[in-house]
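We name chains A, B, ... by the order of the sequence lines, and we start the count at 1 in each one. Bear in mind the structure is a predicted one, so any value in this text is a computation, not a measurement.
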Number of protein chains: 2
Amino acid sequence: MSASEDLLQLLTALGHPVRLRVLAELAEGRVHVSELARRAGVSRPLLYMHLERLEAARLVEGRLELSDDGKAMKYIELLPFDLRLTIDTVLAALRADDQEGPTDVQETPR
Amino acid sequence: MSASEDLLQLLTALGHPVRLRVLAELAEGRVHVSELARRAGVSRPLLYMHLERLEAARLVEGRLELSDDGKAMKYIELLPFDLRLTIDTVLAALRADDQEGPTDVQETPR
DNA sequence: TTCACCTGTTAGATCACTCTGACAGGTGAT
DNA sequence: ATCACCTGTCAGAGTGATCTAACAGGTGAA
């Protein structure tokens, strides 16, 4: 994945009210899926969709664990992130594309 | 507009490849709409749509000017922005909502 | 067995965003 | 008058993200 695609994935992952809310709920500590769905006020299947995006952007990580009483629980935890968002950030990401990826995708000529 | 809506608007405005590209083109200096459309490789009507979002997020500003030879030209210029993106940024935005907006929108009960 | 929890997936509706093509208007130069 | 630029808007098509309802499976406790 190119640098700008990376940046885009992060930005679009953060750019949704439910996902912001989910991150906020996770700030205090890890929570299992069903409980997280209740706290965020979202259905569980929908939460799975949002978690997929958050996980793909490496904002969140899930681990399936067996609790003491033998029940399967999937705990989601927040991964640390710190992004400085400036025009230079944007320029750097786009310029990195030209380097790292000499893909043979058709270039748009000047 | 609430603090989190503000943040969301900024994030979603940045979260699109064409808009990132547009910002990059504007980094060197202001450009008029038609020229900007060519450089970004987008049709002019489409560019208008993207500019609307960028302008709403205060990332960009447009000014209609009369050039020396009497032609109307709309120049777009980049507005400075600098956002630190951290879990605390997110928390701050969401917490600010509870303060500033004692709107009577139905609260989701615990 | 039934109840209350849990995980995980799917099909399909709905909605917002994105994008194209066509239109109407203006200027100055040939 | 025609050409080459410019600004601005619109209806509609297409697409992808979002969301709901329903399903199938598991555990432990009453």
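Among A:E77, A:E35, A:E25, A:E65, the single residue meeting the salt bridge (Lys or Arg N to Asp or Glu O under 4.0 Å) criterion with A:R30 is A:E65.
For B:R19 (side chain) and B:T12 (main-chain N/O), a donor-acceptor pair under 3.5 Å exists by modelled atom type. Although no hydrogens or angles enter the test, the distance criterion places no donor-acceptor pair under 3.5 Å between the side chain of A:S4 and the main chain of A:L94. B:R39 places no side-chain N or O within donor-acceptor distance of the main-chain N or O of B:L26, the cut-off being under 3.5 Å.
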Exercise for the section: Test A:L23 against A:L14 for side chain to side chain contact (heavy atoms under 4.5 Å, CB included), laying out the working first. Expected result: CA-CA 9 Å; A:L23 292 181; A:L14 288 168; 3.5 Å; yes
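For A:S34, counting side-chain heavy atoms from C-beta on, the closest listed nucleotide (C:dT7, D:dT20, D:dT7) is C:dT7. Proximity note for B:P45 (side chain, C-beta onward) versus D:dT20, D:dT7, D:dC10: the nearest is D:dC10. Side-chain proximity of A:K74 to the nucleotides C:dT20, D:dG8, C:dT7 is greatest for C:dT7.
Hydrophobic clustering (side-chain heavy atoms under 4.5 Å, transitive across Ile, Leu, Val, Met, Phe, Trp, Tyr) keeps B:M73 apart from B:L51.
Here C:dC6 presents its C1' atom at 12 Å from CD of A:E35, a figure rounded to the nearest Å. D:dC5 atom P lies 13 Å from atom CZ of B:R44, rounded to whole Å. To the nearest angstrom, C1' of C:dG8 lies 12 Å from CD1 of A:I76. Computed from coordinates, the B:L51 CG to D:dT7 C1' distance equals 13 Å when rounded to whole Å. When the C1' atom of C:dC23 is taken as reference, atom OH of B:Y48 falls 14 Å away, rounded to whole Å. Whole-Å rounding puts the A:L8 CG to D:dG16 P distance at 15 Å. One atom, CD of A:E52, and another, C1' of D:dA17, lie 12 Å apart when rounded to the nearest Å. The separation between A:M73 atom CE and D:dG26 atom P is 18 Å, rounded to whole Å.
Taking the side chain as every heavy atom from C-beta outward, B:R53 and B:H16 never approach each other to under 4.5 Å.
Near DNA chain C, meaning a heavy atom under 4.0 Å from it, residues 55-72 of chain B has B:D69, B:G70, B:K71 in order of number.
By the 30° and 60° cut-offs, the orientation of the rings of A:Y75 relative to A:H32 is perpendicular.
The environment of CZ in B:R38 is crowded: more than 12 heavy-atom neighbours from other residues, nucleotides or ligands sit within 6.0 Å.
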Identify all pairs in which a protein N or O lies below 3.5 Å from an N or O of nucleotides 12-18 of chain C, and state each distance.
| unit_1 | atom_1 | unit_2 | atom_2 | d |
| --- | --- | --- | --- | --- |
| C:dT18 | OP1 | B:R19 | NH2 | 3.2 |
| C:dT18 | OP2 | B:R19 | NH1 | 3.3 |

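Both A:V33 and B:V42 sit near DNA chain C, but only A:V33 has its closest nucleotide nearer the 5' end.
Between B:S43 and C:dT20 there is a side-chain N or O to OP1 or OP2 distance below 4.0 Å.
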